[in-house]
**Student:** 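Structure incoming, see below.
Numbering starts at 1 and runs along the sequence shown.
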Amino acid sequence: MQIGFAVPVAGAWSTPANQVLIAQRAEELGYHSLWTLQRVVNPAGSADHTYRNVPDPLVTLAYLAGYTGRVRLGVAVANMPFYSPAMLAKQAITLDHVTGGRLDLGLGNGWMPEEFAAVGASMDRRGARAEEFLAALRAMWKGEPGEVSEFHGEFYDIPPVTMDPRPLQEPEPPILLGGASEGALRRAGRLAAGWVSSSRADLAAIGRSIEIVRDAADKAGRDSAALRFVCRGAVRVRTEEAAPPEGDRRPLTGTYEQIIADFAALEEQGVTELFVDLNFDPELTGPDADPWDSMYLAREALEAFAPRS
């Protein structure tokens with residue numbers, strides 16, 4: 001199982017300087033990938049402070065590409081309803097070239113009504129729209145440079161156009177689909193290079209979701225063994241004294257030793273890649289968290305969870 005790390009993207013520690021520090025040290029330590037997330041707006045007056053101070057994920061990846069040279073760069077996830085297929089196709093192509101072919105493109109459907117209202121998108125029939133979005137996106141990428149692309153569907157209509165350059169990775173940057181419903185899982189199996197779990201996933205039962213994705217791939221005539229299963233590891237490191245009792249402990253919450261044991265359990269369930277994400281720990285990202293303390297703990301976690309050769 002390959003190990004990645006999420007850069008600071010929520011809370012007071014989410015600054016470009018801190019992102020570079022984490023990214024460069026992660027690359028030095030041999031991490032496989034770095035990750036961002038998307039949150040466009042938050043509801044006014046919300047008591048949920050999880051998504052404070054979140055930068056644009058694609059701009060962040062482009063910035064980090066200039067400070068790294070090997071590690072893969074991923075977003076988990078950018079929400080398809082917030083883009084047109086042509087605009088995201090252009091952004092992803094550009095990012096694929098800027099990163100030197102290191103982009104992993106995680107895509108989702110969104111869930112927050114306020115975000116949909118703010119960007120002027122409809123929440124209706126998100127599954128059907130997603131399938132058509134992916135088809136339109138790929139229509140813009142396929143073929144040789146200069147080749148005419150077009151797409152005509154129920155939700156998206158693209159006249160004959162050309163879009164260059166073509167993606168650097170062939171035939172396209174890996175698309176990883178998010179979502180937890182059976183429909184979303186089956187869509188990932190039929191149409192994507194893999195599936196990426198959310199911060200709210202039941203990691204004790206993630207194997208069941210993986211099996212649904214695999215089953216959909218097999219039924220579509222695809223090689224399910226080639227799919228990637230990426231776990232967003234919402235890690236919360238605690239001292240032995242502060243860690244919950246073993247019977248009450250959630251996966252990836254506890255001491256370093258407990259969390260590393262959880263990594264092995266997730267790999268046994270079929271996870272092929274896990275990235276450590278500290279952005280969901282209120283002790284690092286909450287309103288009262290000190291960004292200097294957050295970075296100290298993140299550096300400690302980087303060393304503790306570093307891949308072992």
**Student:** I want to know whether Phe305 and Phe5 have ring centres closer than 6.0 Å.
**Tutor:** no
**Student:** Distance alone, cut at 3.5 Å: any donor-acceptor contact between the side chains of Asn279 and Thr285?
**Tutor:** no
**Student:** On the ring face of Trp111, is Arg200 found with NZ or CZ under 6.0 Å from the centre and within 45° of the axis?
**Tutor:** yes
**Student:** Would you kindly confirm whether Met163 and Val161 end up in one hydrophobic cluster when ILVMFWY residues are joined by side chain heavy atoms under 4.5 Å apart?
**Tutor:** yes
**Student:** Without hydrogens or angle criteria, can the side chains of Thr68 and Arg102 be said to hold a donor-acceptor pair below 3.5 Å?
**Tutor:** yes
**Student:** Should the pair Asp164-Arg166 be classified as a salt bridge under the 4.0 Å nitrogen-to-oxygen rule?
**Tutor:** yes
**Student:** Is there a continuous path of hydrophobic side-chain contacts, each under 4.5 Å between heavy atoms, that joins Val41 to Phe82?
**Tutor:** yes
**Student:** Are Lys90 and Met140 side-chain neighbours, meaning at least one heavy-atom pair lies under 4.5 Å?
**Tutor:** no
**Student:** Glu170: what forms a salt bridge (charged side-chain N to carboxylate O under 4.0 Å, His left out) with it, not counting sequence neighbours?
**Tutor:** none
**Student:** Can you classify the ring geometry of Tyr51 versus Phe280 as parallel (below 30°), tilted (30 to 60°) or perpendicular (above 60°)?
**Tutor:** perpendicular
**Student:** Does the distance from a Lys or Arg side-chain N to an Asp or Glu carboxylate O, for Arg299 and Glu303, drop under 4.0 Å?
**Tutor:** no
**Student:** Quick one, Ser46 with Asp48, criterion side-chain hydrogen bond (donor to acceptor under 3.5 Å, both in side chains). Give me CA distance, side-chain angles, the key distance, then yes/no.
**Tutor:** CA-CA 5 Å; Ser46 173; Asp48 184 356; 5.3 Å; no
**Student:** Kindly write out the residues that satisfy side-chain contact (heavy atoms from CB on, under 4.5 Å) with Pro55, not counting sequence neighbours, or none if the list is empty.
**Tutor:** Val9, Ser14, Gln19, Thr60
**Student:** Do Phe151 and Tyr156 have ring centres separated by under 6.0 Å?
**Tutor:** no
**Student:** Any ion pair linking Arg250 and Asp262 (charged N to carboxylate O, less than 4.0 Å)?
**Tutor:** no
**Student:** With clusters defined by side-chain heavy atoms of hydrophobic residues (ILVMFWY) lying less than 4.5 Å apart, directly or transitively, does Val71 cluster with Val98?
**Tutor:** no
**Student:** Does a side-chain N-to-carboxylate-O contact under 4.0 Å join Arg129 and Glu132?
**Tutor:** no
**Student:** Would you mind checking if Glu147 and Lys142 are paired as a salt bridge, meaning a charged N to carboxylate O distance below 4.0 Å?
**Tutor:** no
**Student:** Of Arg138, Arg125, Arg187, which is the lone residue that meets salt bridge (charged side-chain N to carboxylate O under 4.0 Å, His left out) with Glu131?
**Tutor:** Arg187
**Student:** May I ask you to decide if Ala225's main-chain N or O and Asp223's side chain share a donor-acceptor pair within less than 3.5 Å?
**Tutor:** yes
**Student:** Under a 4.0 Å threshold between the charged nitrogen and the carboxylate oxygen, would Lys219 count as salt-bridged to Asp215?
**Tutor:** yes
**Student:** Please lay out, stage by stage, how Tyr256 and Glu300 fare under the test side-chain hydrogen bond (donor to acceptor under 3.5 Å, both in side chains).
**Tutor:** CA-CA 10 Å; Tyr256 284 114; Glu300 183 181 84; 2.8 Å; yes
**Student:** With a cutoff of under 4.5 Å between side-chain heavy atoms, which Ile, Leu, Val, Met, Phe, Trp and Tyr residues group with Val196?
**Tutor:** Trp35, Val77, Leu176, Val230, Phe275
